[in-house]
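Take a look at the structure below.
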Amino acid sequence: MHAVRFPTLGHVQRLYDFLRRHPTWVDGFWAVVLFGLSCVSVTNLDGAPNYHGSLPVALTVSVVLCTVVALRRRMPEKMLLVAAAVGLAQVVLDQQAIIADFAMLVIIYTVAADGAAWASRVGLVAGLVAGTLAQMRWPEERTSVLGNIAIAVFKTVPFALAWVLGDSLRTRRAYLAQLEERAARLEKEREAQSKVAVAAERARIARELHDVVAHNVSVMVVQADGAAYVLDTAPDQAKKALETISGTGRQALAEMRRLLGVLRTGEHKEAGEYVPQPDVEQIDELVEQCRSAGLPVDFKVEGTPRPLPSGVELTAYRIVQEALTNTRKHGGPNAGASVRLVYFDDGLGLLVEDDGKGAPHELYEEGGADGQGHGLIGMRERVGMVGGTLDAGPRPGGGFRISVLLPLKQAH
């Protein structure tokens, strides 16, 4: 005996996806159900004393109206006209309303939700007229005029509700489509702004590294001139100068390699543009400036300080500068900060934390310390230029934390 296999969730999902892609199959199923119910109803009503109509006309009306249900999504406007024509034919041929007339509610809902604007208006008018017209054609003989009017209004309500429901669905779809379009547009604008911010930050980094490289080259020239001058009279000094040239040249070469790929176009040398770049030793002065501005800062250095590549020192200084400025701007009136500078064997670690209320992540993305760095975008670009890593985010107890690791080993 074979075991009975029940449908799985995967089968149900595939069936659901199929029906979503082929809505006409769903409409056809309900059209068949409606036709069956209508046939049973008119068969039982045929020959009844108070029944108006004949079985052949009722069956024909049922077939046409069920076809309207089956094709309502493929051609809603045409099916509306067909349904209206069938309704008028029922009035003319004295065919009282049957279960298949439910298709008129369905088609009014469909044109209100998916049809053309003119079809939606026609459907609304036809629905408001249908109840009154039917009550006038087949009034309740034992009911007063006011009673027939009340019945006509009651019959009109389902048609009005069907139209309102369809029109509400159309409005909601349009609203969601507008939201999606707006979200897509904002996403494109954000990407464009991020690209502009990255390009501007890279240009600024390139300008600063240009100063560093220019300084290294000038040192090499001076040392080379000095070595040539004392080569015969003081060989030891000449040897020391050559060693300095060698070390400085390697460092300058490493900085130039990091600079590759960063294009600088359309820039002009401004007066006073090239100034000495800050290093890690000046972080202490930066901390004192922040303290004098009212921001309590705890600054500690761990490990053994030693000379660092110029690009690493510049990056470390700028990261601390931007982080403390963000703390002062977004941390709140009673915020405090701490700066840890850690010398590892093969890297320099930075940890900047504040205990303020903390700024939303978007603020760090949108604006930096000087209005040009663009927050975390600028920090990540700076750290990436020297091959480091950056981790930034809110602290568990409140405030914000920025952790940076800058490698000291350079590729030759």
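Counted within 6.0 Å of CH2 on Trp30, heavy atoms from surrounding residues, nucleotides or ligands total 12 or fewer; the atom is thus considered open. Other residues, nucleotides and ligands contribute at most 12 non-hydrogen atoms within 6.0 Å of the CD atom of Gln178. The number of heavy atoms from other shown groups lying within 6.0 Å of CD (Glu189) is above 12. Lys155 NZ: more than 12 foreign heavy atoms inside a 6.0 Å radius. Few gaps surround CD on Glu243; more than 12 heavy atoms of other groups in view lie less than 6.0 Å from it. Atom CZ of Arg172 has 12 or fewer neighbouring heavy atoms from other residues, nucleotides or ligands inside a 6.0 Å radius. Remark: Met136 CE is loosely packed, at most 12 non-hydrogen atoms of other residues, nucleotides or ligands lying under 6.0 Å away.
A distance of 4.0 Å separates CZ in Arg72 from CG in Asp27, rounded to the nearest 0.5 Å. For the atom pair CG of Leu314 and CG of Leu406, the computed distance is 10.5 Å after rounding to the nearest 0.5 Å. Atom OG1 of Thr156 is separated from atom CG of Leu133 by 10.5 Å, given to the nearest 0.5 angstrom. With rounding to the nearest 0.5 angstrom, the CD1 atom of Ile107 is 7.5 Å from the CE atom of Met79. Residue Arg173 holds its CZ atom at 11.5 Å from OG of Ser168, rounded to the nearest 0.5 Å. The CD1 atom of Ile149 sits 10.0 Å away from the CD atom of Gln135 when rounded to the nearest 0.5 Å.
When all heavy atoms are compared, the tightest approach of Tyr109 to Leu165 is CE1-CG, 3.9 Å. Across all their heavy atoms, Ala103 and Val69 have their closest contact at CB-CG2, 3.4 Å. Pro407 and Val386 make their closest contact through CG-O, 3.5 Å (heavy atoms, listed as atom of the first residue, atom of the second, distance). In plain terms, the two heavy atoms of Cys66 and Ala31 that are nearest each other are O-CB, 3.2 Å. The two residues Ala113 and Leu169 have their closest heavy-atom pair at CB-CD2, 4.1 Å. Between Leu65 and Ala100, the shortest heavy-atom contact is CD1-O, 3.3 Å.
Contact of the Leu128 side chain with the Phe159 side chain is not registered, since no non-hydrogen atoms from C-beta on lie closer than 4.5 Å. Residues Val339 and Leu351 have side chains not in contact (no heavy-atom distance under 4.5 Å, counting atoms from C-beta outward). For the pair Glu77/Val111, no side-chain contact is recorded, criterion being any heavy-atom separation below 4.5 Å from C-beta on. Inter-residue side-chain proximity for Leu405 and Phe344 is flagged as met; some heavy-atom pair is nearer than 4.5 Å. Looking only at side-chain heavy atoms (C-beta outward), Leu350 and Ser403 stay at 4.5 Å or farther from each other. Looking only at side-chain heavy atoms (C-beta outward), Arg395 and Asp355 come within less than 4.5 Å of each other. Using a 4.5 Å heavy-atom cutoff, the side chains of Leu348 and Tyr343 are in contact. Within the 4.5 Å cutoff, side-chain heavy atoms of Asn326 are placed close to those of Met379.
Between Arg170 and Asp114 there is no salt bridge, since no side-chain N of the basic residue sits under 4.0 Å from a carboxylate O of the acidic one. Salt-bridge formation is detected for the pair Glu288/Arg291: a Lys NZ or Arg NE/NH1/NH2 atom is positioned less than 4.0 Å from an Asp or Glu carboxylate oxygen.
Just one of Arg182, Lys188, Arg190 meets the side-chain contact (heavy atoms from CB on, under 4.5 Å) condition when paired with Leu186; it is Arg182.
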Verdict with reasoning, Leu59 to Cys39, per side chain to side chain contact (heavy atoms under 4.5 Å, CB included): CA-CA 7 Å; Leu59 292 177; Cys39 289; 3.9 Å; yes
Stepwise side chain to side chain contact (heavy atoms under 4.5 Å, CB included) test for Leu286 and Tyr317: CA-CA 9 Å; Leu286 176 64; Tyr317 181 89; 4.2 Å; yes
CA sep, side-chain torsions, deciding dist, call: Asp94, Arg137, salt bridge (charged side-chain N to carboxylate O under 4.0 Å, His left out): CA-CA 8 Å; Asp94 194 23; Arg137 185 68 174 86; 3.5 Å; yes
Gln95 and Val92: CA distance, side-chain angles, deciding distance, side chain to side chain contact (heavy atoms under 4.5 Å, CB included) verdict: CA-CA 8 Å; Gln95 174 58 56; Val92 173; over 6 Å; no
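Remark: side-chain polar atoms of Ser41 are not paired, donor with acceptor, to backbone N or O of Leu37 under 3.5 angstrom. With Ser120 contributing its side chain and Ala116 its backbone, the two residues share no donor-acceptor pair below 3.5 Å.
Phe102 is linked by a side chain to side chain contact (heavy atoms under 4.5 Å, CB included) to Leu34, Leu105, Val106, counting only residues two or more places apart in sequence or in another chain.
Sorted by first and then second residue, the side-chain hydrogen bond (donor to acceptor under 3.5 Å, both in side chains) pairs with a member in residues 294-308 read Asp298-Arg340; sequence neighbours excluded.
Thr315 and Arg382 form no side-chain donor-acceptor contact under 3.5 Å, judged by distance and modelled atom types alone.
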